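This is a predicted model, so every value here is computed, not measured.
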Amino acid sequence: MTIAGLAAVVFSVLVCTVRRVMVGSSQLENANPLIYQRSGERQVTAQDEDEELHDKIDDREIFDLIRSINDPEHPLSLEELNVVEEIRVKVRSSLPGSLHLCGVSDEESAVSVEFTPTIPHCSMATLIGLSIKVKLLRSLPERFKVDVHITPGTHASEHAVNKQLADKERVAAALENSHLLEVVNQCLSARS
């Protein structure tokens, strides 16, 4: 099978999963997940509110962007299911030093997020990763490189999911699917 053929198969599996979520299938993969305590809100300081000061984007700020993403299967956030944790979020340098001299901080150029599905065979892993990636792409300046991947050793299809999430063309193609985009937007919307 060609790579394009394999990508089409994987994408069609994802679309089927999305349809199952949208029609509210009563069969949950993880019917009784562990629920974790939400971490406290970030303390806002006078420095944070001062618009004159350059405010670096740090690990906690990225975590705050993704912590409230809704799980596609449960009425809980990714933080409440321990799918995302602050310790698995990293802001790191990836720009050459010369860009630092132009006023672009090389410490704020790349974001890496590891997420941990609640079960090793979670069919929602790609959708969850896509939701995290879309949230960050929509929220961060364009100079950021966004890397979203599964925590090593926590999912049976870790390599395939990570490959999909790292491929810009696959992500773009997935977001052109109106059904999939609707589910991603539901994951990103505020809970009522």
Side-chain angles (χ1 to χ4, degrees), residues 14 33-45 47-50 53-72 76-120 122 124-172 174-175 184-185 187-188 190:
L14 180 59
L34 290 175
I35 301 173
Y36 295 80
Q37 181 80 27
R38 285 180 54 93
S39 59
E41 295 298 319
R42 180 182 202 154
Q43 295 296 323
V44 178
T45 65
Q47 260 188 332
D48 292 334
E49 292 179 346
D50 187 348
L53 293 175
H54 175 70
D55 185 22
K56 285 184 169 182
I57 295 176
D58 61 12
D59 299 352
R60 177 58 192 245
E61 191 168 351
I62 300 300
F63 177 69
D64 286 343
L65 288 171
I66 64 173
R67 68 191 283 192
S68 61
I69 294 173
N70 300 311
D71 181 77
L76 299 165
S77 71
L78 296 185
E79 179 186 21
E80 291 168 319
L81 292 170
N82 213 36
V83 172
V84 294
E85 301 173 87
E86 185 178 356
I87 62 168
R88 300 202 182 283
V89 174
K90 300 287 180 244
V91 176
R92 65 184 193 283
S93 172
S94 71
L95 292 177
S98 61
L99 286 176
H100 180 68
L101 300 174
C102 299
V104 176
S105 173
D106 61 355
E107 295 175 356
E108 301 175 4
S109 60
V111 172
S112 176
V113 175
E114 283 185 352
F115 69 99
T116 308
T118 59
I119 56 174
C122 178
M124 302 290 171
T126 306
L127 179 58
I128 290 168
L130 185 61
S131 297
I132 294 168
K133 188 159 194 145
V134 167
K135 176 67 174 184
L136 294 175
L137 291 172
R138 288 179 181 174
S139 303
L140 295 172
E142 286 186 24
R143 73 175 183 271
F144 277 82
K145 180 181 183 298
V146 175
D147 173 38
V148 176
H149 56 275
I150 292 179
T151 305
T154 62
H155 193 272
S157 301
E158 165 188 334
H159 178 71
V161 172
N162 289 344
K163 186 174 181 179
Q164 287 180 24
L165 294 172
D167 188 325
K168 289 180 184 179
E169 290 176 6
R170 287 187 194 182
V171 170
L175 296 176
V184 167
N185 286 333
C187 290
L188 300 181

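The shortest heavy-atom contact between Ile57 and Val91 is O-CG1, 3.6 Å. Closest of all the heavy-atom pairs between Leu127 and Pro72 is CD2-CB, 3.6 Å. Residues Glu79 and Phe63 approach most closely at OE2-CZ, 3.6 Å, considering heavy atoms. Considering every non-hydrogen atom in both Glu169 and Asp167, the closest pair reads N-OD1, 2.9 Å. Scanning both residues, Leu165 and Gly129, for their nearest heavy atoms gives CD2-C, 3.6 Å. Minimum heavy-atom separation, His155 to Ala125: NE2-CB, 3.7 Å.
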Verdict with supporting geometry, Val84 and Val89, side chain to side chain contact (heavy atoms under 4.5 Å, CB included):
CA-CA 8 Å; Val84 294; Val89 174; 5.9 Å; no
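Considering only residues two or more places apart in sequence or on other chains, Glu114 meets the side-chain contact (heavy atoms from CB on, under 4.5 Å) condition with Arg88, His149, Thr151, Pro152. Residues meeting the side-chain contact (heavy atoms from CB on, under 4.5 Å) test with Val134, sequence neighbours left out: Leu130, Arg138, Leu175, Val184, Leu188. Applying the side-chain contact (heavy atoms from CB on, under 4.5 Å) rule to Asp71 yields the partners Glu73, His74, Leu78, Leu81, Ile128; only residues at least two apart in sequence or on another chain are considered. Every side-chain hydrogen bond (donor to acceptor under 3.5 Å, both in side chains) that Asn70 has, sequence neighbours left out, goes to Arg191. The side-chain hydrogen bond (donor to acceptor under 3.5 Å, both in side chains) check on Thr154 picks up nothing, with sequence neighbours excluded. Every residue two or more places apart in sequence or in another chain was checked for a side-chain hydrogen bond (donor to acceptor under 3.5 Å, both in side chains) with Ser68, and none qualifies.
Between Ile62 and Leu65, the closest side-chain pair of non-hydrogen atoms falls below 4.5 Å. With contacts defined as side-chain heavy-atom distances shorter than 4.5 Å, the pair Val83/Ile69 does not qualify.
From Lys133, atom NZ reaches atom NZ of Lys168 across 8.0 Å, with rounding to the nearest 0.5 Å. Between the OG1 atom of Thr118 and the CG atom of Asn82 there is a distance of 10.5 Å, given to the nearest 0.5 Å. Atoms CD1 and CD, from Ile66 and Glu61 in turn, are 12.5 Å apart once rounded to the nearest 0.5 Å.
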